[in-house]
Amino acid sequence: MSVVESASGAGPMVVAEGVHKRFGRTEVLTGVDLTVERGQVMVLLGPSGSGKSTFLRCINHLDKIDGGRISVDGELVGYRQAGLNLHELREREVAARRAQVGMVFQHFNLFPHMTALGNVMEAPVQVKRVSRDAARATAMRLLERVGLADKADNFPAQLSGGQQQRVAIARALAMEPKLMLFDEPTSALDPELVGDVLDAMKELAREGMTMVVVTHEMGFAREVADQVVFMDGGVVVERGTPAEVISNPREARTKAFLSKVL
């Protein structure tokens with residue numbers, strides 16, 4: 001299945017309506033409304049603590065929301081609706097839906113005892129019950145796609161940070177997701193290793209993958225994003241095209257943030 005085929009349905013890919021999230025007494029998201037269209041790349045910008053990463057985790061139900069609703073591909077995330085009431089799904093149902101959404105974290109989270117090839121093969125074999133031969137063929141194709149076919153037999157400790165992150169991207173793609181979430185995927189990397197990871201992400205965008213990306217890489221945001229969203233204090237302060245938000249921001253909070261990072 002190609003990236004474009006996997007996003008061939010109707011309607012937006014992600015719809016968030018009035019999303020609230022608290023940790024104890026701290027309200028991290030205070031009514032977030034966002035829509036991500038199919039094939040769109042949305043970049044979330046904002047200072048630390050603005051709620052960007054929490055929102056990303058809520059899309060995947062890694063963090064449960066305290067108010068509002070999120071849907072992915074027309075299905076509520078973490079809940080089903082019966083009349084006017086929402087009922088939380090069983091963990092097995094949540095996991096099945098989560099398998100349709102790829103997520104790449106700041107830290108690579110690869111299995112250290114598995115080769116690059118083994119890391120990419122593992123989820124399709126264990127979760128989707130794909131045969132090992134089919135999973136191996138797909139994993140090799142994906143490693144080649146991210147420029148690491150020659151590192152298939154290397155263990156994570158034998159790879160650079162940038163190479164490990166590209167393996168993590170290939171691992172997420174092995175589940176044939178309809179949506180990819182990236183949580184500051186280059187922030188833990190040495191500067192000279194960032195480019196290869198961003199190139200792999202740009203290639204995904206060109207192929208039509210729907211992506212939501214939390215990043216401080218302003219060049220990537222300018223070049224690849226269809227929509228840029230600036231968050232602060234748990235709310236969406238400003239949204240628009242890169243030209244609108246990055247080059248010509250309207251809000252004082254956006255201007256203050258960009259003055260520090262550009």
Side-chain angles (χ1 to χ4, degrees), residues 12-60 62-72 77 103-107 179-189 191 194-195 197-198 201-202 204-205 209-262:
M13 181 60 74
V14 181
V15 178
E17 303 170 273
V19 173
H20 287 254
K21 175 62 185 175
R22 292 184 300 275
F23 292 107
R25 295 184 177 181
T26 302
E27 193 155 21
V28 181
L29 300 175
T30 57
V32 172
D33 297 296
L34 281 176
T35 299
V36 186
E37 301 295 341
R38 292 174 188 275
Q40 188 177 72
V41 178
M42 177 177 284
V43 169
L44 305 181
L45 302 177
S48 297
S50 61
K52 312 180 302 297
S53 293
T54 297
F55 178 67
L56 212 63
R57 291 173 62 85
C58 288
I59 294 176
N60 223 6
L62 292 171
D63 287 338
K64 299 178 183 180
I65 62 177
D66 296 306
R69 59 177 62 202
I70 301 174
S71 63
V72 172
V77 172
M103 188 155 186
V104 177
F105 298 90
Q106 179 177 348
H107 298 288
L179 167 69
M180 285 286 287
L181 308 175
F182 293 87
D183 188 8
E184 300 199 29
T186 60
S187 63
L189 302 179
V194 167
V197 174
L198 294 180
M201 294 169 64
K202 290 174 187 176
L204 280 183
M209 174 62 80
T210 309
M211 298 161 59
V212 183
V213 184
V214 174
T215 186
H216 292 293
E217 298 290 341
M218 304 306 292
F220 175 85
R222 287 183 191 273
E223 181 181 347
V224 181
D226 300 295
Q227 286 283 305
V228 174
V229 173
F230 175 70
M231 294 180 65
D232 194 14
V235 299
V236 173
V237 175
E238 189 164 354
R239 76 188 80 180
T241 65
E244 291 168 337
V245 176
I246 298 175
S247 302
N248 192 29
R250 300 182 306 275
E251 302 295 331
R253 278 191 285 177
T254 315
K255 292 176 182 177
F257 172 77
L258 291 172
S259 70
K260 297 173 183 175
V261 299
L262 290 178

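In what follows, every heavy atom counts, from backbone to side chain, and hydrogens, waters and symmetry copies are set aside.
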- Task: Drop me the distance from Phe182's CZ to Met201's CE, to the nearest 0.5 angstrom.
- Result: 4.5 Å
- Task: Take Val72 and Leu179, measure what side-chain contact (heavy atoms from CB on, under 4.5 Å) needs, and give me the verdict at the end.
- Result: CA-CA 8 Å; Val72 172; Leu179 167 69; 4.2 Å; yes
- Closest non-hydrogen contact found for Gly46 with His216 is O-CE1, 3.4 Å
- Query: Does the side chain of Asp183 come under 3.5 Å of the side chain of Ser53 through a donor N or O and an acceptor N or O?
  - Reply: yes
- Task: Spell out, as yes or no, whether a donor-acceptor pair under 3.5 Å connects the side chain of Lys52 to the backbone of Leu45.
- Result: no
- Would you please test Thr210 and Gln40 for side chain to side chain donor-acceptor pair (under 3.5 Å) and show each step? CA-CA 5 Å; Thr210 309; Gln40 188 177 72; over 6 Å; no
- Does Val261 reach the side chain of Met218, with side-chain heavy atoms less than 4.5 Å apart? yes
- Minimal non-hydrogen separation, Ile70 against Ala16, with atom names: CG1-CB, 4.2 Å
- Note on the structure: Rounded to the nearest 0.5 Å, the OG1 atom of Thr35 sits from the CD atom of Glu37 at a distance of 6.5 Å
- Check whether any side-chain heavy atom of Thr241 lies under 4.5 Å from a side-chain heavy atom of Asp226, and answer yes or no. no
- Task: I would like to know whether Val14 and Met42 meet side-chain contact (heavy atoms from CB on, under 4.5 Å); could you show each step before the answer?
- Result: CA-CA 11 Å; Val14 181; Met42 177 177 284; over 6 Å; no
- Query: Under 3.5 Å, is there a donor-acceptor pair linking the side chains of Glu238 and Thr254?
  - Reply: yes
- Message: One pair to check against side-chain contact (heavy atoms from CB on, under 4.5 Å): Asp33 and Val236. What are the steps and the verdict?
- Response: CA-CA 8 Å; Asp33 297 296; Val236 173; over 6 Å; no
- Look at atom NZ of Lys64 and say whether more than 12 heavy atoms of other residues, nucleotides or ligands are closer to it than 6.0 Å. no
- Message: Closer than 3.5 angstrom, by distance alone: can the side chain of Ser259 be matched with the main-chain N or O of Ala256 as a donor-acceptor pair?
- Response: yes
- Task: Ignoring hydrogens and angles, tell me if any N or O in the side chain of Ser247 forms a donor-acceptor pair with the backbone of Glu244 under 3.5 Å.
- Result: no
- Rounded to the nearest 0.5 Å, what separation is found between the CE atom of Met211 and the NZ atom of Lys202? 11.0 Å
- Value rounded to 0.5 Å, distance of SG in Cys58 from NE2 in His20: 11.5 Å
- Note on the structure: CG (Leu198) and CD (Glu223) are apart, to the nearest 0.5 Å, by 9.0 Å
- Message: Nearest 0.5 Å, please: how far is CZ in Phe257 from CG in Asp232?
- Response: 9.0 Å
- Task: Give the minimum heavy-atom separation between Leu258 and Ile246, together with the two atoms involved.
- Result: CD1-O, 3.7 Å
- Search all heavy atoms of Pro242 against all heavy atoms of Ala225 and return the closest pair with its distance. CG-O, 3.3 Å
- Query: Do the non-hydrogen side-chain atoms of Phe55 and Ser50 ever get within less than 4.5 Å of each other?
  - Reply: no
- Could you go through the side-chain contact (heavy atoms from CB on, under 4.5 Å) check for Asp63 and Lys21 one step at a time? CA-CA 8 Å; Asp63 287 338; Lys21 175 62 185 175; 4.2 Å; yes
- Tightest non-hydrogen contact, residues Gly233 and Thr30, listed as O-OG1, 3.8 Å
- Task: Taking the side chain as every heavy atom from C-beta outward, state whether Leu181 and Ile59 have any pair of such atoms under 4.5 Å apart.
- Result: yes
- Query: Between Glu217 and Thr186, does any side-chain donor sit less than 3.5 Å from a side-chain acceptor?
  - Reply: yes
- Message: Tell me the closest heavy-atom pair linking Ala205 and Val41, and the distance in Å.
- Response: CB-CG2, 3.7 Å
